[in-house]
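The structure displayed is predicted, hence computed values, not measured ones.
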Amino acid sequence: VQLQASGGGLVQSGGSLRLSCAASGFTLVDSTIGWFRQAPGEEREGVGFIDNRDGRAHYADFVKGRFTISRDNDKNMMYLQMNMLKPEDTAVYYCAAEKDFEDLLRLWALPSRYKYWGQGTQVTVSS
């Protein structure tokens, strides 16, 4: 079972990046999938997730309207499209998945609730 994140890089403020996360050993369509980020000296925070019960995406307030999470069931991959990037978006970004998630809408942003994690990919936004 593995998640492999990719797509990070250096981008100017206002620019865009798309992160990808490939899953192997399990199917993403059966799991709650989430994206997190961690800046230096900060705790890991939830960016957003897809609820596998209805396929809807939910986002943290600080990325609403700028970031979009999607999933390609045929490829067993998930994506994070990031637009209008800001310097404060600079962080290591992680994908995560969990098959059995209780109280999802209340607890989705807790990293401890996710069993599977990608290795992280660095996103740096210059001003």
Side-chain angles (χ1 to χ4, degrees):
V1 175
Q2 188 176 10
L3 290 173
Q4 184 76 28
S6 61
L10 174 65
V11 64
Q12 289 188 331
S13 182
S16 299
L17 276 176
R18 189 178 83 152
L19 306 184
S20 301
C21 182
S24 59
F26 70 106
T27 53
L28 289 176
V29 71
D30 297 328
S31 304
T32 294
I33 58 175
W35 284 95
F36 287 76
R37 69 185 188 184
Q38 188 167 18
E42 302 290 333
E43 293 187 352
R44 194 167 297 189
E45 62 181 359
V47 173
F49 72 101
I50 289 181
D51 186 341
N52 65 306
R53 297 170 299 183
D54 59 12
R56 291 182 60 190
H58 302 260
Y59 302 94
D61 287 343
F62 53 82
V63 300
K64 278 182 181 177
R66 301 189 298 125
F67 290 11
T68 303
I69 297 173
S70 61
R71 181 178 64 199
D72 186 325
N73 295 336
D74 291 337
K75 295 181 178 179
N76 208 29
M77 292 190 67
M78 57 192 284
Y79 305 97
L80 178 64
Q81 177 67 44
M82 304 184 293
N83 299 328
M84 295 182 286
L85 282 161
K86 306 175 183 179
E88 52 263 44
D89 294 320
T90 295
V92 177
Y93 283 72
Y94 299 88
C95 53
E98 172 58 52
K99 292 196 69 175
D100 301 309
F101 207 129
E102 295 184 2
D103 207 0
L104 173 62
L105 295 181
R106 189 171 68 90
L107 301 177
W108 72 270
L110 290 180
S112 60
R113 292 287 175 166
Y114 294 80
K115 182 176 183 179
Y116 305 118
W117 287 88
Q119 83 285 8
T121 184
Q122 176 70 46
V123 172
T124 303
V125 185
S126 63
S127 56

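Applying the 6.0 Å contact sphere to CZ of R66 captures more than 12 heavy atoms from other residues, nucleotides or ligands. Heavy-atom contacts from other residues, nucleotides or ligands closer than 6.0 Å to CG of D100 number 12 or fewer.
Rounding to the nearest 0.5 Å gives a distance of 10.0 Å between CG of L19 and CE of M78. Rounded to the nearest 0.5 Å, atoms OG1 (T27) and CG (D30) are 3.5 Å apart. If you take CZ on F26 and CG on N76, they are separated by 7.0 Å, rounding to the nearest 0.5 Å. Taken to the nearest 0.5 Å, the CD1 atom of I33 stands 8.0 Å off from the SG atom of C21. In this structure, I50 CD1 and W35 CH2 are separated by 10.5 Å, a value rounded to the nearest 0.5 Å.
Looking at V47 and Y94, their side chains never come closer than 4.5 Å, going by heavy atoms from C-beta outward.
Cluster annotation: F36 is connected to L104 through the hydrophobic network of ILVMFWY side chains, with a link wherever side-chain heavy atoms come within less than 4.5 Å. Residues V1 and W117 fall into different hydrophobic clusters, defined by Ile, Leu, Val, Met, Phe, Trp and Tyr side chains chained together at heavy-atom separations under 4.5 Å.
Proximity of a side-chain donor or acceptor of N73 to a complementary backbone N or O of L28 within less than 3.5 Å is not detected. In this structure a side-chain-to-backbone donor-acceptor pair under 3.5 Å is missing from Y114 to T32. Here the side chain of Q81 pairs no donor or acceptor atom with the backbone of R18 at under 3.5 angstrom. Judged by distance alone, with hydrogens and angles left aside, the side-chain atoms of T124 form no donor-acceptor pair with the main-chain N or O of T90 at under 3.5 Å.
The pair D89-K86 does not count as a salt bridge, with every side-chain nitrogen at least 4.0 angstrom from each carboxylate oxygen.
Minimum interatomic distance between W108 and F101 (heavy atoms only, all atoms of both residues): CA-CZ, 3.7 Å. Closest approach of S20 and M77 over heavy atoms only: CB-CE, 3.8 Å.
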Inset, instruction - Could you walk me through whether Y93 and M82 pass the side-chain contact (heavy atoms from CB on, under 4.5 Å) test, one step at a time? - result: CA-CA 11 Å; Y93 283 72; M82 304 184 293; 3.8 Å; yes
Inset, instruction - Decide side-chain contact (heavy atoms from CB on, under 4.5 Å) for F67 and L85; before the verdict, give the C-alpha distance in whole Å, the side-chain angles of both, and the deciding distance to 0.1 Å. - result: CA-CA 9 Å; F67 290 11; L85 282 161; 3.8 Å; yes
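Members clustered with L10: none, using a 4.5 Å side-chain heavy-atom cutoff among hydrophobic residues.
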